[in-house]
Amino acid sequence: MHPTEIPIYGNYHGYYHKRPSASDSRLACLPPKLFHDARVLDVGCNEGFVTCEIAQTLGATRVVGVDIDDTLVRAAWKHRRTVWSQQGPPAQPPHRDACDEGRDPASGPRKRRRTSDSGCMPAYFPEAFEHMFGPLPVPDAVQRRTDDDTEGSANARFPHNVSFRAADWVAGPIPEDEAEYDVVVAFSVSKWIHLNGGDDGLLAFFRRVHSVLRVGGTFVFEPQEWDTYAKAKRMDVRLKENAAALKLRPGDFERELQDLGFGPAEHMGTVGDGGFRRPIDLYVKVR
Ligand SMILES: C[S@@+](CC[C@H](N)C(=O)[O-])C[C@H]1O[C@@H](n2cnc3c(N)ncnc32)[C@H](O)[C@@H]1O
């Protein structure tokens, strides 16, 4: 998309300048083990901030981000390299060092740097270095990656465990869909799919999510509220016409998902600030 074009798919550039991006509060409200050893699809990944966070710090072995806007997908690949540059070496296991000797235990535990599930220290390389010297190169992935890469193999760790694709994911599959996913994430994208594709487009999206998840897998869903459609549809005459024909409302989504074979929604809470305050729901595929 050219930067001056209207973002009718919610394909905002600079989206993560508006949303908090260092540690996404939507991910923070999910069960801590949800992404462990998981194959994950992030639909509507935008510039890949959420995708990279899942891949780097939440223990997923494979994360695929897909977005309809190829310029955003290019930005996502670039972001992956930035995140990689800022990632520190694996943290050393805790040990008593000379400095601990004679330390007053009443002074409380020594503060340790936050480490990710992969044992690395994120935010290690000062941000300014990338502007001064460019990002660090990403080392080659181990040849012959397989889809059953297990936790512990280099390909199953950041940055090799994350990739991006430009595609309208509602319109058709991407090659990665062939192997099932354990988790599909759809944050702030349902309104755009609904306004562009109508009720049929949204239902097609739900069917696609259901078809690519394994039984027992989880759909992590952040639907936008109905009142936010009004502003979005004013962007474009086609969206306005489509909106007038919509019969489904976000309150109907749970029933539609259950009809497809998902269990009842597990409400993880309503997170975010201002216009970004939205519910996060989990749906487990039961059949
Ligand atoms: C508002 S942004 C949300 C970004 C991200 N999911 C988040 O919440 O942080 C919606 C994204 O969905 C993408 N999108 C909309 N329709 C899509 C489709 N049919 N297939 C793939 N991506 C789509 C847009 O390009 C945009 O980047």
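Residues take their numbers from the sequence shown, with the count starting at 1. One-based numbering, in listed order, for ligands and for the atoms of each.
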(request) Compute whether any side-chain donor of one residue and acceptor of the other, for D177 and W169, lie under 3.5 angstrom apart. (result) yes
(message) Could you walk me through whether E222 and R26 satisfy the salt bridge (charged side-chain N to carboxylate O under 4.0 Å, His left out) test, starting with their C-alpha distance in whole Å, then the side-chain angles of each, then the deciding distance to 0.1 Å, before giving a yes or no?
(response) CA-CA 9 Å; E222 180 195 30; R26 296 168 295 179; 2.8 Å; yes
(message) Between T71 and D69, do the side chains contain a donor N or O and an acceptor N or O under 3.5 Å apart?
(response) yes
(request) For ligand 1, would you mind listing the residues that have at least one heavy atom less than 4.0 Å away, ordered by chain and number? (result) Y9, G10, N11, Y15, Y16, R26, G44, N46, V50, D67, I68, L72, A167, D168, W169, V170, F187, S188, V189, W192
(message) Restricting to salt bridge (Lys or Arg N to Asp or Glu O under 4.0 Å), what partner residues turn up for D182, sequence neighbours left out?
(response) R214
(message) Before we go on, tell me: are the rings of F206 and F262 under 6.0 Å apart, centre to centre?
(response) no
(message) What I want to check is whether the side chains of Q224 and S188 have a donor and an acceptor closer together than 3.5 Å.
(response) no
